[in-house]
Amino acid sequence: MSVVTVQLGQCGNQVGQELFDVMCSDARDVHRKTYSAVSCERFFRQTTQGALEARAVLIDMEPKVINHSMSKAAKSGRWRYGETSHFSQKQGSGNNWANGYCVLGPRHRDAVEELVRREVEHCDMLAGFIPIMSVAGGTGSGVGTFITQCLRDVYPSSFVLNHLTWPYGTGEVIVQNYNSVLTLAHLYQLSDAILVHENDIVHKICSQLLKIKQISFSDINRVIAHQLGGVLQPTLTPASCGAYSRHPIGELMSALACHPEYKLLSVCTIPQMASSSIAFSTFSWPALLKHLRQMLISNSKMEGGIDWQVCPPPASAGRSRSLSAGSFNTSLANLLILRGKDVYSAETGGFEDPAIYTSWLPPDEALSLWKSPVPFNKYEKSATLVSNSQALLRPLDDMVRKAWNMFASR
């Protein structure tokens with residue numbers, strides 16, 4: 001089954017281009033025929049000349065970023081975007097959510113829906129949509145929210161998994177907190193699940209783990225693409241009966257969206273390190289999973305700075321409703337994805353601890369495990385954890401507080 005990606009605004013188009021690049025590189029190994037075929041069917045289509053074209057629609061209110069993304073993809077020589085799969089204007093959205101949602105989105109609705117329809121018709125079977133967008137600007141947040149609404153109206157039975165990039169806490173746009181709150185308020189009614197990456201966390205990964213001196217948006221986008229690829233590339237799931245899963249978004253929803261009021265998902269990946277260090281490093285499943293479990297319960301999004309003092313509360317202590325510094329991070333549901341050598345020998349019992357989860361969902365239903373013996377993106381062994389937990393409470397509270405303070409100060 002195929003996934004149609006809708007790239008919205010500057011951030012969405014840049015992240016989307018890096019994501020397709022990562023997945024194409026991962027899928028082109030000639031020794032992985034079945035894995036490669038499933039990956040390519042999911043995210044690419046073949047032209048009559050044999051070239052790979054991304055199953056994507058590119059949308060922005062300015063042409064510069066789309067032109068750059070299409071040119072960069074074509075120059076890679078491995079894949080490209082469709083020549084007519086993009087839509088742009090020349091006026092921009094002015095970082096104004098209302099302008100994107102109430103004016104530009106409705107004005108260009110027919111043109112965008114036609115592009116999406118064409119892309120859907122190229123799919124033998126549609127698994128769903130992944131709109132990729134930022135919540136800070138005007139096009140990604142405003143137009144992106146409107147297009148998500150259109151997808152829900154036109155394709156009511158298809159899954160919609162929104163990927164959001166949250167802005168730096170120090171501020172990129174003066175009205176970013178307004179834009180973010182308005183976007184989330186609408187997407188919570190429209191989307192099946194919302195997968196979030198925080199710029200502040202990804203920046204720390206680039207600085208502390210990847211040892212990048214001068215961090216650019218391209219570096220940040222590559223980290224996001226690597227983590228997304230770890231979630232979306234083919235795996236063997238309990239329901240797939242020994243074959244690679246054919247319905248990635250549906251099975252992800254089944255594993256994580258266990259309650260319609262809890263849709264915010266966070267993701268973390270281990271290991272992450274500079275490319276020059278990989279050849280000199282060894283990885284074992286017990287060590288990787290021990291670190292990943294502690295990252296989960298202490299709400300650490302990266303290996304560096306894990307708080308090893310945090311431990312699950314005793315059963316009699318009850319569950320914390322807030323996430324203060326140093327407190328335990330309770331989960332509703334977790335999806336653990338393991339890739340690489342000796343993956344079937346990995347012991348995952350630490351993630352089945354009932355103390356990790358809310359009391360109203362049994363651990364065997366709250367934890368889902370996907371595996372693939374194929375290494376991903378140069379790492380011999382890697383683990384990705386997608387979590388529906390308290391992890392995003394603090395940044396969400398900060399965002400709402402800043403938006404309210406700005407409104408109250410008028």
Step through it carefully: locate the ring centre of F407, locate the ring centre of Y178, and say whether they are under 6.0 Å apart. no

Considering all heavy atoms of both residues, which atom of I306 and which atom of S300 are nearest to each other, and what is their separation? CA-OG, 3.8 Å

Do you know the tightest heavy-atom contact between M273 and S281? SD-OG, 3.4 Å

Is it the case that over 12 heavy atoms from other parts of the model lie below 6.0 angstrom from the NZ atom of K204? no

Looking at Y344, I'd like to know if its OH atom is crowded, meaning that more than 12 non-hydrogen atoms belonging to other residues, nucleotides or ligands lie closer than 6.0 Å. yes

Is [X] reaching over with its side chain to a backbone N or O of [Y], donor-acceptor style, under 3.5 angstrom?
| X | Y | result |
| --- | --- | --- |
| S409 | M406 | yes |
| Y357 | P362 | no |
| R55 | E41 | yes |
| W370 | L338 | no |
| S191 | L187 | no |
| T145 | S141 | yes |
| S331 | A333 | no |

Please verify the inter-ring angle class for [X] with [Y]; under 30° counts as parallel, over 60° as perpendicular, anything in between as tilted.
| X | Y | value |
| --- | --- | --- |
| Y81 | W79 | perpendicular |
| H291 | W308 | perpendicular |
| W97 | H186 | tilted |
| H247 | F159 | perpendicular |

[X] and [Y]: side chain donor to acceptor below 3.5 Å:
| X | Y | value |
| --- | --- | --- |
| D342 | S345 | no |
| N162 | T148 | yes |
| Q233 | S39 | yes |
| S216 | D219 | yes |
| R78 | S25 | yes |

Residues which pass side chain to side chain contact (heavy atoms under 4.5 Å, CB included) with N13, listed by chain and number, not counting sequence neighbours: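 Expected list: Q7, L58, D60, V65, I66, S69.
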
Salt-bridge contact D21-K72 (side-chain N to carboxylate O under 4.0 Å):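 No, this pair does not count.
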
Salt bridge present between R401 and D398 (N-O < 4.0 angstrom): yes

Flag this pair as yes if the NZ/CZ of K301 is under 6.0 angstrom from the six-membered ring centre of W166 and inside a 45 degree cone about the axis; otherwise no.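 No - K301 does not lie over the ring of W166 by the 6.0 Å and 45° rule.
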
Measure from NZ or CZ of R339 to the centre of the six-membered ring of F376, then state whether that distance is under 6.0 Å and the direction lies within 45° of the axis. yes

Determine all donor-acceptor pairs shorter than 3.5 Å in which one atom belongs to a side chain in residues 192-203; sequence neighbours excluded.
residue : atom : partner : partner atom : Å
D192    : OD2  : R152    : NH2          : 2.8
D192    : OD2  : V160    : N            : 2.8
H197    : ND1  : H163    : NE2          : 2.9
H197    : NE2  : Q227    : OE1          : 2.7
N199    : ND2  : E172    : OE2          : 3.2
D200    : OD2  : G169    : N            : 2.8
H203    : ND1  : Y168    : OH           : 3.0

Show the atom names and distances, to 0.1 Å, of all donor-acceptor pairs under 3.5 Å that link a side chain in residues 121-137 to residues at least two apart or in another chain.
residue : atom : partner : partner atom : Å
E121    : OE1  : R117    : NH1          : 3.1
E121    : OE2  : R117    : NH1          : 2.5
S134    : OG   : A136    : N            : 3.1

